[in-house]
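Some notes on the structure that comes next.
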Amino acid sequence: MSERRKEDRPKTDAVTSGRRAEWTGAVVSPPVWRGSTHLYADCADLARGRPDGDGHFYYGRRGSPTQWALADALTQLEPGAHGTLLYPSGVAAIAGALLGVLRQGDVLLMTDNVYQPSRAMARTLLAPLGIETRFFDPLDIPAYEAAFCDRTKAVLLESPGSLTMEVCDVPELARIAREKGAASMIDNTWASPLGFPALERGCDISIMSLTKHVGGHSDLLMGSVAAGEEWFGKLRETYLALGQVVSPDDAALASRGLRTLPIRLQQSEGAALEIAQWLAGRAEVAEVLCPMLPGAPGHELWQRDFKSGCGLFSFMLEGRSPAHRARLIDALRLFGIGYSWGGFESLAIPFDAARARTVMRWPPAGMDGDNRLGIRLSIGLEDAADLIADLEQAFAAMDNE
Ligand SMILES: *Cc1c(COP(=O)(O)O)cnc(C)c1O
């Protein structure tokens with residue numbers, strides 16, 4: 001298995017990881033191995049075959065060097081990981097991790113500000129299997145601690161929270177889970193292990209939607225689950241039972257994205273911070289929800305626990321109607337209107353988080369006011385000055401009824 005990272009050198013690791021000579025041959029990147037059938041030399045070879053580990057040819061569903069190279073690279077980027085499993089989407093990765101850990105009768109604690117499709121799994125996937133989900137406020141640690149019972153076997157964290165960007169004390173929440181005998185999983189899509197080495201910070205299982213930052217070019221869907229030795233075997237068993245596999249073409253694209261991940265994240269983070277600072281000075285803006293921004297909610301925990309951020313953040317308009325918000329978003333020229341994020345192109349979407357929370361109040365006390373509506377921005381690789389100019393003209397269009 002992969003060596004652990006000896007020092008923090010994300011750009012170098014992103015370039016060198018996963019490129020084993022036996023997989024790449026004479027070329028720089030692992031070729032796209034398309035194949036369901038691997039041929040054996042003779043019957044004796046066949047009889048010797050069926051090695052159980054990854055990294056050996058057996059049958060297409062078990063992957064080829066194209067997928068192994070990507071999984072291996074992700075393992076090298078996640079300190080403490082024993083291995084990484086690749087899923088056809090981020091949602092499939094979350095479902096795969098939950099099914100790998102939880103059994104009938106178990107209770108899952110799920111953070112209330114979780115990605116919406118993860119929340120939906122409580123009802124559509126877990127409840128029919130006899131697995132109960134209880135939501136908790138990740139900012140209320142005593143209530144979280146009190147929520148554990150004998151049947152609590154896992155917690156699902158996400159930080160910053162989806163849409164509303166709260167940063168929680170992941171090391172403490174993970175420590176409590178461990179003390180109570182529950183596995184801690186985190187949806188680490190926002191920071192990636194470059195920004196938040198989740199296993200090193202105490203989590204057992206680190207999940208990512210590779211569709212976002214790792215792919216980075218809005219042209220593939222994929223997810224990953226990385227874990228230490230304690231959980232990897234069990235997760236892999238469920239993964240194989242579910243017949244999960246990703247296409248070699250998509251794996252090659254994701255590997256290509258990985259090479260530029262650190263510089264893309266660095267560029268987007270810098271531009272996002274510049275734009276967040278500009279938004280914080282605008283009268284039309286009530287709150288900027290950007291953990292990288294000094295003074296913003298969660299900034300201190302972010303500074304303590306994270307090594308870097310990314311281009312995704314939100315803000316709330318001051319005293320505007322849904323029609324105002326729609327005019328603003330519609331007037332944007334450089335920002336596309338669309339879900340997903342982490343691509344090279346900037347995106348904007350409106351959100352109404354109150355409908356997606358059952359335990360946390362949204363907006364929270366101190367941030368509430370009349371007609372405060374949320375917009376989420378994903379900052380891509382355009383020049384920050386151009387994005388700011390685009391927002392400026394869109395603000396003018398918003399109030400131009
Ligand atoms: C997009 C997203 C996912 C799901 O990823 P897909 O690849 O679209 O299935 C999971 N978690 C977070 C935080 C996301 O933003």
Side-chain angles (χ1 to χ4, degrees), residues 5 7-15 77 159-167 188-198 201 208-218 256-282 284-285 287-316 332-336 338 340-349 374-395:
R5 189 167 51 179
E7 54 196 284
D8 202 27
R9 39 172 222 170
K11 287 177 187 154
T12 304
D13 288 340
V15 167
L77 292 177
S159 185
S162 261
L163 304 172
T164 47
M165 311 301 296
E166 300 88 353
V167 181
N188 200 28
T189 304
W190 187 84
S192 88
L194 301 179
F196 188 80
R201 298 280 189 271
M208 263 197 294
S209 166
L210 306 180
T211 308
K212 312 293 166 52
H213 290 135
V214 172
H217 296 72
S218 306
R256 171 187 284 220
L258 196 64
R259 306 300 169 207
T260 56
L261 176 67
I263 55 167
R264 285 186 288 105
L265 283 177
Q266 195 175 40
Q267 167 65 26
S268 296
E269 177 185 359
L273 182 56
E274 212 176 305
I275 293 162
Q277 260 152 357
W278 180 82
L279 286 168
R282 295 290 301 197
E284 299 94 333
V285 174
E287 287 286 343
V288 180
L289 308 167
C290 176
M292 296 97 73
L293 182 69
H299 177 69
E300 281 165 24
L301 271 182
W302 176 80
Q303 217 170 19
R304 188 193 75 182
D305 293 342
F306 287 66
K307 296 175 169 183
S308 55
C310 71
L312 189 79
F313 71 96
S314 300
F315 66 97
M316 290 199 305
L332 291 166
R333 292 173 193 141
L334 289 175
F335 290 82
S340 198
W341 45 278
F344 59 83
E345 81 291 11
S346 291
L347 297 170
I349 53 156
I375 296 177
R376 188 184 74 180
L377 299 180
S378 173
I379 304 302
L381 302 178
E382 306 89 342
D383 286 313
D386 292 331
L387 295 173
I388 287 172
D390 195 24
L391 285 162
E392 187 159 29
Q393 65 81 24
F395 275 134

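Since the structure is predicted, the reported quantities are computational estimates derived from the model, not experimental observations. Sequential numbering from 1 along the given sequence is applied to the chain's residues.
Phe335 is linked by a ring pair (Phe, Tyr, Trp, His ring centres under 6.0 Å) to nothing, counting only residues two or more places apart in sequence or in another chain. Applying the salt bridge (Lys or Arg N to Asp or Glu O under 4.0 Å) test to Arg304 and every residue at least two apart in sequence or in another chain returns Asp169. The salt bridge (Lys or Arg N to Asp or Glu O under 4.0 Å) test applied to Arg256 returns no partner, not counting sequence neighbours. The side chain to side chain donor-acceptor pair (under 3.5 Å) search around Ser314 returns none, not counting sequence neighbours. Scored by the side chain to side chain donor-acceptor pair (under 3.5 Å) test, Glu274 finds no partners at all (sequence neighbours excluded).
For the pair Ser378 (side chain) and Gly342 (backbone), a donor-acceptor distance under 3.5 Å is present. For Thr164 (side chain) and Glu166 (main-chain N/O), no donor-acceptor pair under 3.5 Å exists by modelled atom type. Formation of a donor-acceptor pair under 3.5 Å by the Asp390 side chain with backbone atoms of Arg333 is found in this model. In terms of modelled atom types and a separation under 3.5 Å, the side chain of Thr189 and the main chain of Ser209 share a donor-acceptor contact.
Contact detail for Ser308 and Leu194: the closest heavy-atom pair is OG-O, 3.8 Å. The nearest pair of heavy atoms linking Ser218 to Glu345 is OG-OE2, 2.8 Å. In plain terms, the two heavy atoms of Trp302 and Pro291 that are nearest each other are CE3-O, 3.6 Å. Closest of all the heavy-atom pairs between Ala296 and Cys290 is CB-O, 3.2 Å. Closest of all the heavy-atom pairs between Ser340 and Thr211 is OG-CG2, 4.1 Å.
Residues Phe315 and Arg282 have side chains not in contact (no heavy-atom distance under 4.5 Å, counting atoms from C-beta outward). Residues Met208 and Pro193 form a side-chain contact, since some pair of their non-hydrogen atoms from C-beta on lies under 4.5 Å apart. By the 4.5 Å heavy-atom criterion applied to side chains, Ile349 and Trp341 are not counted as neighbours. By the 4.5 Å heavy-atom criterion applied to side chains, Val167 and Asp305 are not counted as neighbours.
Between Lys307 atom NZ and Arg201 atom CZ the span is 6.0 Å, to the nearest 0.5 Å. The CE atom of Met165 lies 7.5 Å from the CE atom of Met292; values are rounded to the nearest 0.5 Å. Note: Phe313 CZ to Trp190 CH2 = 11.0 Å, rounded to the nearest 0.5 Å. Separating the CG atom in Leu312 from the CG atom in Leu289 is a distance of 11.0 Å, to the nearest 0.5 Å. Atoms CD and CG, from Glu392 and Leu279 in turn, are 10.5 Å apart once rounded to the nearest 0.5 Å. The CG atom of Leu381 sits 8.0 Å away from atom OG of Ser346, with the distance rounded to the nearest 0.5 Å.
At most 12 non-hydrogen atoms from other residues, nucleotides or ligands lie less than 6.0 angstrom from CD of Glu300.
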Mind listing the side-chain donor-acceptor pairs of residues 262-273 below 3.5 Å, one per line with the distance, residues two or more places apart or on another chain?
| unit_1 | atom_1 | unit_2 | atom_2 | d |
| --- | --- | --- | --- | --- |
| Arg264 | NE | Thr260 | OG1 | 2.9 |
| Arg264 | NH1 | His213 | O | 2.9 |
| Arg264 | NH2 | His213 | O | 3.0 |
| Arg264 | NH2 | Val214 | O | 3.4 |
| Arg264 | NH2 | Gly257 | O | 2.7 |
| Gln266 | OE1 | Lys11 | NZ | 3.2 |
| Ser268 | OG | Arg264 | O | 3.1 |
| Ser268 | OG | Ile379 | O | 3.3 |
| Ser268 | OG | Gly380 | O | 3.4 |
| Glu269 | OE1 | Gly309 | N | 3.0 |
| Glu269 | OE2 | Gly309 | N | 3.2 |

